[in-house]
Structure formats: structure tokens, C-alpha cells
Engineer: 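Below is the structure I would like to discuss, written out as C-alpha cells.
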Amino acid sequence: MQALGHLYARHGAGVRSLVLRCDPSAGPEGADEVCQETFLTFYDTLSRYEHRGALKRWLYGIALKKARNRRRRWWHRLGIRQRAGAEAAGVAVHHHDIDARIDAHTRIAALMAALPAAQREVIALVHIEGLSVQQAAEILAISDNAVSTRLYRARAALGGGR
Amino acid sequence: MSLDDELAEWAEQTRQPAPNRSEISALVARAEHRGSGRWALPIALGATGLAALAALVALAVMPAQPPKDAPAVAIEDDRPEPSLVIEAPDRRSLSAGQHALGGDQIEVAQDGFVEVIDGGLATELALRTGQVTVHAAPRSAGESLSVTHDDWTVRVVGTRFMVVDDPFTVRVTEGVVRVTGPDTDTTLRAGDVLVEGQIQRAKPTRIAPSLPPLSELKQLLLDGRSDAARQGLSRRLAASPNDVPAWTLLAQLEGRAGAPDAAVTAWREVISRGNKAEAQRARYEAAVILDGRPAEVVPLLTAFLADPGPLAPEAGVRLGRALLVLGRDAEAKARLQAVIDASPGTSSAREARALLRAD
């Protein structure tokens, strides 16, 4: 248990930050919840960790999966609940990231919230965490090419060109 | 401010603090609880009466045991990266325009961007965005040219054909060849056969036009480009009328565009083609749009409530209201009372009571 506490102290900030960057709508509380679940799952599945890559990347892989699952559940619940109150004809489509966009205080935060989640993930992993394309591809379980393409599109959407 | 500076600013904005001591303790306690719960539960379930009480008391006072597979020693974290040297292929990029690449002619459309990955004999054109047209030169054995995009690869194949002397036959297996002879000057493609001047063409293969992915259409809708999204959805649904997610997106699009009838039509497609959960959602969505048309709302919500889910109270209130408008008072009262009985204290129950009092 001491080891778990030590790991959490060391990597908790990084995992929480990654979750919030990949899913701005989660907010600090949602990011914290996903972060805790990540460490608990890592601890439960420790026997499967083969020490092939850095521990941090293993944690990031778990965290991104948890964040995606949370987003899917949240979106499903939001999709039903929002419509429960609709009275007028024409049901608006509310992507959960629209709320994050509205809450953003800077241009870049609003643009990041507007990106598709897949592009946000590669920006967070490559540009913020400083991982290589290959490392990001390993975490996301996609090809290097797919990572490069998503990065290109994300930067274009953010107005950064190539 | 450059994009990199903005990203650094965003990284700073979204940086989270390290967990404090109480947060760390809380996590460790959760892990202990999860670990102890796994082996404590079978003991409690097997006992009855006093024995059960004794077991529960025993659990309460027993110190928590770590899970069986818990590590006995501290974990070494941040192992050093394995040193690995990869010879990176040469990379360059092609923007819009015509480019000569060796003997190949590459045309990149406006707003297109292609990265050339030259790995010796293998040349890869990675299409990042837009459109590229390739006029490929003939290649020697071992050389290849491919165009890649995400997980797709388009590879240039060579030309393979067979010529037989008697009767004179040309059979093309790959690529295109030109055959000239007495009264003949023709082009043969893969599958074509020329026998003694007579050409047997291969049956044309129907190539379905590529359909836009649903994620792309969703993004168009979020970007406010409803017409483009609608066109893409029409193509998808023409090719695949049972594409329930496409019908769902179309319904949302039409609802957003202020076309309730079109939205309801799309939701009805989801009802008839979707699975149980999809159909249930569609019934409720359509009923919300049709609010004010009780004759159409009633059958939808009646079917919805045959398999009630989380939205049953709201649906019950809507149905009760619609039945009241239609003058079906007894049914309305039964539905509204069912809401009050099943969900007391909720806003739906209060609304149901208000409707009953008003009647």
C-alpha cells in the first residue's frame, strides 16, 4: 500500500493534468475521479505490467481509457437528461465539450475544448508531455501514421499550420 | 503569440496540483477497502442468524489484509528508456501544386498537404489532409510507391501480362498495356484478354464511392455546417439504409435545424431499425418534438413506457398530459397516479399531482 501512495504522490499530478487536458468537460473533480480510478486499476492489474515501457506511459494508457469510458457514460446520460426538459420543437445537440468551451478563459483553451477528443489526446501526449509519435501511438493503440495525421489536423484547427 | 507559446500557456492553465496527504491516504484506504471486500464478502454471505452477526463483527474488527497479488516491495518507477537507434527516413513535405518526384508526377490539391517519407527503395506519400493525384513511373523490382492516410495504404502495383504466340494471346493480370498489331491499336487492362485480335474485356467491377465517416459528419454538425452534414448523411443512408447511428444524427440535425417533421421521420427510422435501447431513446426524442400533437405522442410514449427506464417519470407525465388533452381522462389519471406512486417526492410526481388537481 505504501508503494501505491508513493506512486500516486509522484504521478498523480501528471495523470490528473493529462485527463483534464484530454477531457476538459470533466473538470477538476471528474479528472480527480478518473485519476484515482487509474491508480486503483493499475494496482489491481500490477501483475500484468511487464515493465516494457516507462511506468508513466503505462499509467497514461490506463488513464486515457478511463477518461474515454467516463466521457461515453457522461455523454449518454447528458443526451437523455437534456432532452427530458426540452419543450419546444427542435432538440439541440449539445456536445459536452461545448460547456467546456464556454467556460474557457483563453482562446487556446476554447479551441482545445472544441477539438475532437482524439486530436486533443495527441496534442496532450506529444506537445505537452513531450512523447514521441511512436510512444503516443503505443499509448493510444493506433498507428504512427494516425498520430501524425491527428497532430497535423489538430495544429491546423488551432491555427498553427504545420 | 505563437501556437507553441499558446500550448505552453494551456499546459500551465491545466496543470493540476500533486495530491496532498489526505488525498493519498484516501486513495490508499480505497485500495485497502477494495482488497478486503473481495475476501470478506464470501464469509458474510455463507453465514446465517447469529453466525452472520458474528461474522460481520469479526470483519469489522479484523485488520484489513492486502490483496493476494499486492507487491511486497516498493515499485521502482520511471525505468530508463531503452536505448534504441532508429534510422529515420528522409522526410519532406509537398504543399498544393505539381511536383516531380523522381519519375513520378504528384499533384497536391489546394489545401492539401502531403509528407514524403523516402525510405530508399520504398517511397511513401503520407496524405495528411486534402487530395493527391499520383502519376506513377514504372518501377524496378523491389521499388514501391504508396500513398497512406491514417491506417489506409494505396500501393502502386507493377504491370503484369502474358503473351502467347499461337493463337496470339495477350492476357493482362495487373496494370495497363497497349497492344498494336494488324488492324489493332488498343489498351488492355487487368482482366482483359486479346485472342487473335479479338478482345474479351473484364467485367467492370463496381466500386462504391467512399462514404464520409460518421465522426466527420458529427463534427460538421457541431461546426454548424448542416447542409454538408445532411448531404453526407443522405449518401450514407442511401448506401446503407440500416445505418442507425446515421439516422440518429440526421434526427438531431433536423431537430437543430428547426425541421420537426423531418426530425420525427428520422427518429421513426431509428425506432423501426434500431435495437431496443436505440428505439427507446428515439421514442422519447420524437415524443418531445411532437409535444402539442397528443394523438401522435400517445402511441410513442405508451410503447416507451412498456419498458420503463430512467426517464419513465417524465414520460409518464407527458403521456398523462397528452391523454388529458385527448379527453381520455381515466387513462390519464391512471398514468399520472402511477408516476406519483413510483417516484414520490420528485418534480415529476409534483407535476403529476398538479395535473390531477387541475382536471
Side-chain angles (χ1 to χ4, degrees), chain A residues 1-13 16-17 20-21 24 28 31-32 36 39-40 43-44 46-47 51 54-56 79-80 83-84 86-87 89-93 95 98 105-109 112 116 123 127-128 142-143 145-146 148-149 152-153 155-156 158-162, chain B residues 2-4 6-7 9-11 13-19 23-28 30-32 34 66-67 69-71 73-75 77-79 81 93 113 115 126 128-129 148-151 215 219 221-222 252-253 255-260 263 281 284-285 288-289 291-292 310-311 314:
Chain A
M1 284 302 158
Q2 263 189 339
L4 177 62
H6 171 72
L7 265 179
Y8 188 46
R10 179 105 188 232
H11 294 290
R16 264 208 294 229
S17 304
L20 193 62
R21 285 162 188 156
D32 191 47
Q36 290 201 13
F39 283 90
L40 290 170
Y43 194 69
D44 287 346
L46 199 57
S47 54
H51 306 289
L55 190 74
K56 195 162 79 165
I80 290 177
R83 281 144 187 78
E87 294 292 338
V91 180
V93 172
H95 194 283
I98 285 182
H105 297 302
T106 63
R107 181 195 94 95
I108 189 65
M112 286 301 300
I123 287 275
H127 282 297
I128 307 302
I142 56 177
S143 65
N145 216 354
S148 297
T149 301
Y152 174 80
R153 286 185 176 156
R155 286 187 67 93
L158 296 172
R162 290 141 208 177
Chain B
S2 73
L3 177 61
D4 288 328
E6 285 194 285
L7 284 173
E9 184 189 354
W10 176 69
Q13 282 174 22
T14 50
R15 191 183 311 282
Q16 296 295 291
E23 285 169 337
I24 295 170
S25 303
L27 179 79
V28 170
R30 271 182 80 180
E32 282 173 349
R34 269 154 76 128
D69 55 350
V73 296
I75 299 165
D77 55 44
D78 277 345
R79 283 166 185 265
E81 297 292 327
S93 58
F113 181 68
E115 209 177 341
R128 298 296 179 217
T129 189
T148 60
H149 175 68
D150 277 356
D151 296 323
S215 54
Q219 192 56 48
L221 178 60
L222 288 171
Q252 290 167 333
L253 182 158
R256 199 181 190 189
R281 181 198 173 181
Y284 191 85
E285 298 272 9
V288 167
I289 295 171
D291 197 49
L311 282 171
E314 291 94 337

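What you see is a predicted model; the values in this text were computed from it and never measured. To find a chain, count down the sequence lines: A is the first, B the second, and so on, and within it residues start at 1.
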Engineer: If only side-chain N and O atoms count, and only distance matters, is there a donor-acceptor pair under 3.5 Å linking A:Thr149 with B:Arg128?
Structural biologist: yes
Engineer: Would you please name every residue forming a side chain to side chain donor-acceptor pair (under 3.5 Å) with B:Gln16, sequence neighbours left out?
Structural biologist: none
Engineer: So, do B:Trp10 and A:Arg21 sit near enough that their side-chain heavy atoms are less than 4.5 Å apart?
Structural biologist: yes
Engineer: Are side-chain heavy atoms of B:Gln13 and A:Leu20 found at a separation under 4.5 Å?
Structural biologist: no
Engineer: If only atom types and distance count, is the side chain of B:Arg15 paired as donor or acceptor with the main-chain N or O of A:Ser17 below 3.5 Å?
Structural biologist: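 The answer is no, because no donor-acceptor pair under 3.5 Å joins these two groups.
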Engineer: How long is the straight-line distance from CG of B:Leu7 back to CD1 of A:Ile123, given to the nearest 0.5 Å?
Structural biologist: 5.5 Å
Engineer: Testing the basics here: between A:Ile108 and B:Glu6, what is the closest heavy-atom pair and its distance to 0.1 Å?
Structural biologist: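 Answer, listing the atom of A:Ile108 first, then B:Glu6: CG2-O, 3.6 Å.
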Engineer: Could you have a look at B:Pro19, B:Ala26, B:Ala257 and say which one has the most heavy-atom pairs with chain A under 4.5 angstrom?
Structural biologist: B:Pro19
Engineer: Which atom names give the shortest non-hydrogen contact between B:Ile24 and A:Gly5, and what distance separates them?
Structural biologist: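 Looking at all heavy atoms of both residues, the closest pair is CG2-CA, 3.6 Å.
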Engineer: For B:Ala263, which atoms come within 4.5 Å of any heavy atom of chain A: side chain, backbone, both, or neither?
Structural biologist: neither
Engineer: Under 4.5 Å heavy-atom distance to chain B, tell me which part of A:Phe39 shows up: side chain, backbone, both or neither.
Structural biologist: side chain
Engineer: Nearest 0.5 Å, what's the CE-OG1 distance between A:Met112 and B:Thr14?
Structural biologist: 8.0 Å
Engineer: With a 4.5 angstrom heavy-atom cut-off, which part of A:Arg153 approaches chain B: side chain, backbone, both or neither?
Structural biologist: side chain
Engineer: Distance check, rounded to the nearest 0.5 Å: B:Glu23 atom CD versus A:Tyr8 atom OH?
Structural biologist: 5.5 Å
Engineer: State, to 0.1 Å, how close B:Asp4 and A:Arg155 come at their nearest heavy-atom pair, and which atoms those are.
Structural biologist: OD1-NH1, 3.4 Å
